[in-house]
Amino acid sequence: MSKKLKTMDAETLMTTPMEPLKFIVSGLLPEGLHVLAGSPKIGKSWLALWICLQAAKGEKVWEFETLKSEVLYLCLEDSFARIQSRLFEITDEAPATLHFAIMSDAIGHGLENQIESFIKEHHSTGLIVIDTLQKVRKTVSANVNPYASDYDDINALKQIADKYHLAILLVHHLRKTGDADPLNMISGTSGIAGGADTNFVLQKDKRTENTAKLICTGRDIEGRELFLEFNKNSFVWELLEPIEMEQLIIPDEIFLLCDFIKSAGSFTGTATELIEKLNLDCSPAILKKRIIRHMEHLGRNGIHYSENRTFERREFSLCYDGNDDMTVESRPQSLPSLPSAPSQDSHLATVTPCLPLCGEINGGLA
């Protein structure tokens, strides 16, 4: 007998606080499965190593803030001696939170268990880099659909990234033939690019040049092109042009709400009652949507949200704890449960516990 679909109606979805997507590199590398593709010997591994180092230190990747995390780098085409040599070139100090391995099992033949074992031993793991994808794949039989094989391999690793809320970056190659669409240049079928949450393509106009373009396309990031130059003295890809960051505009109602809750200490009631207290000219549905959408801003102002539902009322609470700019320890660790419907003879309210709202981490979005 098949299981029933787990569904959420649109009204509940619009009014339920969700844990924001965690970014290891703010605005660039969120939790999920990602592909970094480029031609052989173009400098992908130098870029991957530097990103690992910055994330382990909690230092910026160009102008992007990072969430300081433990990092695992599977350098499957290198030796420890070569990795050491590269570290000597790009840094004077390397943290103990950056880990390396030069051998691993393949996808579907033990790699997933190896990764999960590492994560369980290192609970603050935020980033795993596999260099290269081809090194962890088994030879595909001629009878197997290539697209299905590519997608299955990507999906196996994506499930781990989603389960543990971390980023997995796969270093991969480009085809030798060019294409107007950079994603079509990623080696393999479209199952690789299509199965990944984000694709990064590192391209040079000429192999002899030190400059390159990093094309960034993904489900959860703003599409952009970063113009880079490889510094032969520091062995780091440096940003050539400033980045224009997209800013989320905070409505005036949210600023007014923050001031009110900080002054009053708390509020419990319906959206209609809150509109009356704030003397706003908007519908209850719009106000509630703005509260849910801008919870990160509220969280940075130390404001907590909770829901209290009965048959008669659908009210919520906002409370101020006096602590602005909340830290990573304050973040909710799982999505809030949906309020369960009380039985017909029950008059008790179903209460969603007061949730600390997510704020910035190391100056970047969580």
Side-chain angles (χ1 to χ4, degrees), residues 7-23 26-27 30-31 165 220 222 245-342 348-361 363-366:
T7 65
M8 183 186 297
D9 66 82
E11 181 187 13
T12 301
L13 184 58
M14 288 278 285
T15 57
T16 299
M18 297 288 179
E19 181 182 2
L21 195 68
K22 182 172 71 175
F23 276 81
S26 176
E31 60 183 82
H165 300 286
D220 304 301
E222 178 187 354
M245 298 291 191
E246 188 178 77
Q247 298 293 329
L248 180 63
I249 298 175
I250 307 297
D252 292 339
E253 293 90 340
I254 297 299
F255 289 114
L256 186 61
L257 174 62
C258 287
D259 292 340
F260 170 73
I261 298 300
K262 285 182 178 182
S263 175
S266 65
F267 165 84
T268 297
T270 65
T272 300
E273 292 167 346
L274 183 57
I275 286 173
E276 293 174 356
K277 284 188 173 292
L278 298 178
N279 194 25
L280 297 177
D281 183 20
C282 67
S283 71
I286 289 177
L287 177 61
K288 188 67 178 294
K289 182 180 77 170
R290 288 177 178 172
I291 290 173
I292 299 299
R293 187 172 187 182
H294 297 282
M295 277 202 171
E296 185 174 343
H297 179 80
L298 296 176
R300 289 199 298 271
N301 283 272
I303 296 174
H304 303 245
Y305 175 93
S306 63
E307 288 191 354
N308 313 279
R309 297 190 181 187
T310 67
F311 281 116
E312 293 79 20
R313 288 167 62 86
R314 299 182 62 182
E315 63 181 28
F316 57 89
S317 296
L318 293 164
C319 54
Y320 177 58
D321 66 0
N323 295 318
D324 295 4
D325 292 319
M326 301 179 70
T327 62
V328 63
E329 289 81 6
S330 314
R331 300 177 67 238
Q333 297 303 306
S334 60
L335 293 180
S337 300
L338 293 179
S340 56
L348 297 176
T350 300
V351 179
T352 302
C354 198
L355 296 175
L357 306 179
C358 212
E360 290 193 4
I361 299 177
L365 297 177

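Predicted model only: the values in this text are computed from it and were never measured. The figures here come from the full heavy-atom set of this structure, side chains too, leaving out hydrogens, waters and symmetry mates.
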Original post:
Which residue, T268, T270, I291, forms the side-chain contact (heavy atoms from CB on, under 4.5 Å) with F316?
Top reply: I291

Original post:
M14 versus I292: any side-chain heavy-atom pair under 4.5 Å?
Top reply: no

Output side-chain donor-acceptor pairs under 3.5 Å for residues 248-263, partner residues at least two apart or in another chain, one line each.
| unit_1 | atom_1 | unit_2 | atom_2 | d |
| --- | --- | --- | --- | --- |
| E253 | OE1 | R290 | NH1 | 3.2 |
| E253 | OE2 | R290 | NH1 | 2.7 |
| K262 | NZ | N301 | OD1 | 2.8 |
| K262 | NZ | D324 | OD2 | 3.3 |

**OP:** Rounded to the nearest 0.5 Å, what's the gap from CZ on R314 to CD on E307? Could you check?
**Re:** 7.5 Å

Original post:
Is there a donor-acceptor pair under 3.5 Å between the side chain of K288 and the backbone N or O of A271?
Top reply: no

Original post:
Do you know the tightest heavy-atom contact between L21 and P30?
Top reply: CD2-CB, 3.5 Å

Original post:
Which one of P17, S317, C319 satisfies the side-chain contact (heavy atoms from CB on, under 4.5 Å) criterion with Y305?
Top reply: P17

**OP:** Step through the shown structure and confirm whether more than 12 heavy atoms of other residues, nucleotides or ligands are within 6.0 Å of CG on D281.
**Re:** no

**OP:** Grab the two heavy atoms, one from L287 and one from C282, that are nearest each other, plus how far apart they are.
**Re:** CB-SG, 4.1 Å

Subject >> Approximate separation, where rounding is to 0.5 Å, of H304 NE2 and M295 CE >> reply: 11.5 Å

Original post:
When you check the gap from the basic side-chain N to the acidic O, do E296 and R300 get nearer than 4.0 Å?
Top reply: yes

